[in-house]
Number of protein chains: 2
Amino acid sequence: MKNEVTAQEIANHPKVKGLRMTRQRTEVYRVLMGHRDHPTAGEVFERAKQNMPSISLATVYNCLEALVQHGAVRQVNFERESSRYCPNLSEHGHFHDETSGKIIDIPLKKGAALSDLLELPKGAQIDNLEITLRGRVLQSKAL
Amino acid sequence: MKNEVTAQEIANHPKVKGLRMTRQRTEVYRVLMGHRDHPTAGEVFERAKQNMPSISLATVYNCLEALVQHGAVRQVNFERESSRYCPNLSEHGHFHDETSGKIIDIPLKKGAALSDLLELPKGAQIDNLEITLRGRVLQSKAL
DNA sequence: AAATAGAATTAGAATTATTCTAATTAATTA
DNA sequence: TAATTAATTAGAATAATTCTAATTCTATTT
């Protein structure tokens with residue numbers, strides 16, 4: 001195993017407390033915590049297979065679903081592309097840079113409230129918020 | 001034809017200026033302008049067939065794509081569900097009410113800027129913004 | 001430690017929204 | 001009106017995801 005982080009450490013992570021951490025779920029969670037990009041299920045599958053060649057794609061989907069349900073991981077959707085998964089649980093949006101193809105987490109400014117921006121319906125209780133931006137980062141010599 | 005709005009009126013709509021308005025595109029656009037809910041391509045197909053039984057689903061997809069490209073219509077995605085289409089071009093988010101299943105347009109407060117809420121990367125040029133909310137509207141006797 | 005029960009994993013089939021293909025038809029231009 | 005170009009169509013193809021049913025784990029109880 002080339003991984004720096006042990007299975008024990010992953011399984012004891014506070015975010016997965018209460019979730020039965022099987023070998024596969026541990027591996028999937030480790031993959032997500034490892035590269036903090038936003039892999040698709042297929043990409044998670046490819047990475048997980050390096051440590052655990054027997055893992056199946058269906059299991060990766062199952063593990064991701066369990067982690068999302070449990071609130072340990074966020075599922076992010078860009079248009080009709082494959083879902084992507086993100087272990088950053090702080091409130092944030094996603095910027096999809098069309099030049100580099102990279103997805104960047106965009107933190108919400110602290111102190112800022114959604115209701116400052118949006119005319120929310122009276123009595124609305126928000127369970128889930130997704131803010132996705134698409135565009136490009138202009139390369140300026142000055143920066 | 002039971003429709004209040006004529007094909008002529010639809011084809012002359014300023015939003016579609018410059019787009020070749022075939023019979024099918026006109027019909028698809030009329031469907032969207034008619035019920036201002038957020039139908040899927042399949043739902044648009046069902047509605048369009050009532051006026052134009054010969055229209056095909058592939059054409060509905062093609063027409064919707066043309067209208068989206070042209071900026072006459074917005075394509076909205078909720079998680080991994082089918083895309084939905086919306087003729088409201090003003091900047092707005094979408095609230096998906098889990099109780100009623102309805103999708104409600106949420107206007108951006110005027111004067112409010114996205115950068116008030118988000119820590120945007122330096123030099124970022126935003127081509128597209130999607131804000132989607134999921135939740136429920138609490139029924140209060142007081143309201 | 002063995003038996004049990006319930007849950008997770010697996011391979012592969014099924015599903016479903018969407019896109020593609022190739023032929024036909026319609027719209028625009030000359 | 002003929003020629004040209006673009007749009008429409010039916011049906012096949014694609015791809016992400018979910019489902020199914022059998023197997024294997026894991027945790028718990030003897």
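All values reported here derive from a predicted model rather than from experimental measurement.
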Could you state the atom-to-atom distance from [atom1] of [X] to [atom2] of [N] in whole Å?
| X | N | atom1 | atom2 | value |
| --- | --- | --- | --- | --- |
| B/Glu79 | C/dT16 | CD | P | 19 Å |
| A/Gln75 | D/dT17 | CD | C1' | 10 Å |
| B/Arg25 | C/dT25 | CZ | P | 19 Å |
| B/Phe45 | C/dT18 | CZ | P | 14 Å |
| B/Leu67 | D/dA7 | CG | P | 12 Å |
| A/Asn62 | C/dA11 | CG | C1' | 12 Å |
| A/Leu64 | D/dT18 | CG | C1' | 14 Å |
| A/Glu65 | D/dT17 | CD | P | 12 Å |

Can you figure out which of [options] approaches the side chain of [X] most closely?
| X | options | answer |
| --- | --- | --- |
| B/Arg80 | C/dT18, D/dT9, D/dT17 | D/dT17 |
| A/Leu57 | D/dT9, C/dT18, D/dT17 | D/dT17 |
| B/Ala58 | C/dT10, C/dA17, D/dG11 | D/dG11 |

Contact under 4.0 Å: [X] side-chain N or O vs [N] OP1/OP2:
| X | N | result |
| --- | --- | --- |
| A/Arg23 | D/dC25 | no |
| B/Gln24 | D/dT9 | yes |
| B/Thr22 | D/dT8 | yes |
| A/Thr59 | C/dT9 | no |
| B/Ser83 | C/dA17 | no |

Just wondering, more than 12 heavy atoms not from B/Lys109 lying within 6.0 Å of its NZ?
->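 Buried by this count: over 12 neighbours within 6.0 Å.
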With DNA chain C as reference, determine whether A/Met52 or B/Tyr61 sits nearer its 5' end, using the nearest nucleotide of each.
-> A/Met52
Would you please indicate yes or no on a ring centroid separation below 6.0 angstrom for A/His92 and A/His94?
->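 Yes.
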Should A/Asn77 and A/Glu130 count as side-chain neighbours, where that means a heavy-atom distance under 4.5 Å?
->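 Touching, per the 4.5 Å side-chain cut-off.
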Of B/Arg20 and B/Ile55, the one whose closest nucleotide on DNA chain D sits nearer the 5' end is B/Arg20
At under 4.0 Å between heavy atoms, what does A/Ser54 touch on the DNA or RNA strands: base, sugar-phosphate, or nothing?
->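 A/Ser54: backbone/sugar contact only, no base atoms under 4.0 Å.
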Tell me yes or no: between the side chains of A/Asn128 and B/His96, is some donor less than 3.5 Å from an acceptor?
-> no
Ion pair check, A/Arg134 and A/Glu79, cut-off under 4.0 Å = yes
